[in-house]
Number of protein chains: 4
Amino acid sequence: MTRISKPPKERRKEILDAALELFLKNGYENTSVADIVARLGVAQGLFYYYFKSKEEVYRAALEQYTDDFALRLTALILEDRPFIGKIEMVVKTFEVMFAESEHALMDTLHLAEHIELDNRLSLHVAQLLIEPVTGVLREMNDKGFTRLENTETTATFLIFGIYGLLHGDLEHIHRIAFDTAEVVRLTARVLGVSEEDLKRI
Amino acid sequence: MTRISKPPKERRKEILDAALELFLKNGYENTSVADIVARLGVAQGLFYYYFKSKEEVYRAALEQYTDDFALRLTALILEDRPFIGKIEMVVKTFEVMFAESEHALMDTLHLAEHIELDNRLSLHVAQLLIEPVTGVLREMNDKGFTRLENTETTATFLIFGIYGLLHGDLEHIHRIAFDTAEVVRLTARVLGVSEEDLKRI
Amino acid sequence: MTRISKPPKERRKEILDAALELFLKNGYENTSVADIVARLGVAQGLFYYYFKSKEEVYRAALEQYTDDFALRLTALILEDRPFIGKIEMVVKTFEVMFAESEHALMDTLHLAEHIELDNRLSLHVAQLLIEPVTGVLREMNDKGFTRLENTETTATFLIFGIYGLLHGDLEHIHRIAFDTAEVVRLTARVLGVSEEDLKRI
Amino acid sequence: MTRISKPPKERRKEILDAALELFLKNGYENTSVADIVARLGVAQGLFYYYFKSKEEVYRAALEQYTDDFALRLTALILEDRPFIGKIEMVVKTFEVMFAESEHALMDTLHLAEHIELDNRLSLHVAQLLIEPVTGVLREMNDKGFTRLENTETTATFLIFGIYGLLHGDLEHIHRIAFDTAEVVRLTARVLGVSEEDLKRI
DNA sequence: TATGAATGAGCGTTCATTCAT
DNA sequence: TATGAATGAACGCTCATTCAT
């Protein structure tokens, strides 16, 4: 086979990306190192030049994925924007995440593993959101918009409540049409403000 | 080995139970068919007399587990009891579920797989709860206690919000001390009633 | 492939024997599990039904080999026979051992590893001989034939001296014609008796 | 990496020494070419500029090692010194050799391979000693001190007898306290002279 | 001379599944 | 119904060696 050398960083990224895509599609156990290198058309040994083990790529790939994601979400939350707008951005981004993930799932061969991974990732992301959202709620308390006693608990409840709406149906393959108005109403309640006030914050 | 014949249904149940226990403890990939039959002291071939494949037992085992669980929870919800009491029962049962599952995890060898499985199961159970809780909320609307516009959405939001509080910290190994009063407060808000009224329903 | 079942003991022995032969010929590292099962015409998985690892067969094979050998030699030494006869028997048996081992060495591909293994085995056997020979010398002291001060040291010296004569040339591929008379003469000296007396013991 | 050019002979020697050290410590199979070049901080390809294969360095390294050793021993034997002194020097040098080799063995990871290599080296050295010792014995015959019929056989027997005393216990990790007086006594017997006379030669 | 990314065959091992008894 | 020896494909991983630069 013709030998194509590439800068290490680039090769490493290639492998990482191929691995992530396959892990997302098929899960850890149904993805072999052979699959990963086959996708790149390189020798199996090359994989081990860049990663010490399959486990290592797995960790690296998931970390990159969830961290990127959480970073995007956190940035959106912290941007100067009305509270409602923040909620909407998060919801949209979550929807994009699910869509991306489903797009990767081209066949249903390894559905079970894929769902597991997906759950894990989205749960993880949800957990990572607790901190920044708590910060926003604290700020809202400070500004006198809300009078929440336990901001972290409220943040957690809110995030998972919304997560449930997005993720709620079994296997989330046919998601119910998502109603933003509903989210606003429930959020207003959880925060203890009227919908009208919420829209002004 | 001495050959012990048993009625098919009983044998099938034995295998299913052994499999479930091992899957719960070690995850799918770290449980071999050999492990399952070893636990029962029967021959490897016997397994295939009752199940077409390992995948089949897996599905059967998980289905049995989550369905049993959801059944218990649904029964608790439908029992005649104040609404607050229902919420408390669900919270407690969830806690028991996590504890059981953690108890099964005697070593930390397969922690990653265990967490995945655990997420999957508890998410599944949460999804199964949507229907009965929706029923309860509808009833509460009918009785004039609440005026919810979309009972299913509210049920979903409520269940996942509580789920998040129980499950919210990363890897949920050291769960934050759970505060029931907080749940009551948030639930009251979501339902749009005062805490005092909620306690009377 | 047609499936031939055998009693476990028999199969185990087959595998052990094939493994020993290959280890003797090629050394540990140049013998693959695939080689072993290929020789028997069975599936690779079967190997692991009988042995937990390649290392395990290796240990079992060498133990069997050296122990058998040392047992044969010890028996010869302890048989009631003139001392000279004992020496001769040991010498002959050693020669047979070397011959067997060389016979196994059909090609010279892995000469280095073969020699290593061979050295190791024969050294081991020599070491195992120290004890019984010490016993014989002690008996000779008791009967007044000899007056050795340190029987174990003398036994060790004698055994390795003879071992050297048998093994002395480089790579022991072309062994010098072995002269029993010479052995008798040197033995007599080491024991501090005349050759004539030695022949009478 | 910065590119450092060196005179070929020097580089070759560097590689050879690094290889020898690793082979001595870990054995052939547990030393990779990558290990060798890593120790020198040079590229993998460079290795193949100086040696055609790993096997070739191995042979070269061992040859250098045993030849050096035998040379030192031969020199000691040929120096003008009482016969007893020669024996003692050889014994001591052997002891140093074992000690060096054991010192290299910092961990017990590759004990088995290390023992094999050690056996091989020391046996080899013992074989290389046959020639010079034969020369000494011949000289002693000439001077009328001894009347040995077959000097080479006697030399072999003597060397291996002493070798056995040094090496005799299993795995030679805890060597028995070595008794020089015993060596003198046995040597005297093999040579057919009294201990007193031996000390005067 | 020297680099180091890339190759690819081979290894030990696991395990779901089969089948003769 | 039940046994358990046997199968064989697949897996993660290693490493001596090559070659474009």
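Throughout, protein chains are lettered first and strands after them, A, B, ... in sequence-line order, and every chain is numbered starting at 1.
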Q) For DNA chain E, what string of dots and brackets results from 5' to 3' when Watson-Crick and G-U pairs need both distances under 3.5 Å, crossing pairs get [ ], and pairs with another strand get |? A) .||||||||||||||||||||
Q: Using heavy atoms and a sub-4.0 Å distance, could you list which residues of residues 13-20 of chain A are near DNA chain F? By number, please.
A: none
Closest non-hydrogen atom pair between [X] and [Y], with its separation:
{"X": "Ala19(A)", "Y": "Val57(A)", "value": "CB-CG1, 3.6 Å"}
{"X": "Ala43(B)", "Y": "Val37(B)", "value": "O-CG1, 3.8 Å"}
{"X": "Ala60(A)", "Y": "Arg12(A)", "value": "CB-NH2, 4.5 Å"}
{"X": "Lys54(C)", "Y": "Phe23(C)", "value": "CE-CE2, 4.3 Å"}

Give the rounded distance in Å between these two atoms: [atom1] of [X] and [atom2] of [N].
{"X": "Ile36(C)", "N": "dC11(E)", "atom1": "CD1", "atom2": "C1'", "answer": "12 Å"}
{"X": "Arg12(C)", "N": "dG4(F)", "atom1": "CZ", "atom2": "C1'", "answer": "17 Å"}
{"X": "Arg11(A)", "N": "dG4(E)", "atom1": "CZ", "atom2": "P", "answer": "17 Å"}
{"X": "Tyr58(B)", "N": "dA16(E)", "atom1": "OH", "atom2": "C1'", "answer": "16 Å"}

Q.
I'd like to know if Arg59(A) and Glu55(A) make a salt bridge, using a cut-off of under 4.0 Å between side-chain N and carboxylate O.
A. yes
Q: In plain terms, say whether Arg11(B) and Glu14(B) are close enough for a salt bridge, that is, a side-chain N and a carboxylate O under 4.0 Å apart.
A: yes
Q) Quick one: side-chain hydrogen bond (donor to acceptor under 3.5 Å, both in side chains) partners of Ser5(C), sequence neighbours excluded? A)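 Scan of Ser5(C) (side-chain hydrogen bond (donor to acceptor under 3.5 Å, both in side chains), adjacent residues dropped) gives none.
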Q: Not counting sequence neighbours, which residues clear side-chain hydrogen bond (donor to acceptor under 3.5 Å, both in side chains) with Ser53(B)? List them please.
A: none
Q. How long is the gap from CD on Glu56(B) to OH on Tyr48(B), to the nearest 0.5 Å?
A.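 If I round to the nearest 0.5 Å, the distance is 10.5 Å.
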Q: Scan Phe51(D) against the nucleic acid and name what it touches under 4.0 Å (heavy atoms): base, sugar-phosphate only, or nothing.
A: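 Result for Phe51(D) = nothing.
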Q | dA2(E) phosphate, OP1 or OP2, under 4.0 Å from Ser5(D) side-chain N/O | A |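 Yes, Ser5(D) has a side-chain N/O under 4.0 Å of OP1/OP2 on dA2(E).
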Q) Any salt bridge (Lys or Arg N to Asp or Glu O under 4.0 Å) pairs touching residues 31-49 of chain B, not counting sequence neighbours? A)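 Listed by first then second residue: Glu21(B)-Arg39(B).
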(Q) From C-beta outward on Tyr50(B), which listed nucleotide comes closest to its side chain: dT1(F), dG8(E), dT1(E)? (A)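 The closest nucleotide is dT1(F).
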Q) With nearest nucleotides of DNA chain E determined for Asp35(C) and Pro8(A) from heavy-atom distances, which residue corresponds to the more 5′ nucleotide? A) Pro8(A)
Q.
Can you build the contact string for nucleotides 14-21 of chain F? Use B for base contact, S for sugar-phosphate-only contact, and - for no protein heavy atom under 4.0 Å.
A. BBSBBB--
(Q) Testing Leu20(B), Thr31(B), Asp17(B) one by one against Ile36(B) for a side-chain contact (heavy atoms from CB on, under 4.5 Å), which residue passes? (A)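 Among the candidates, only Thr31(B) passes.
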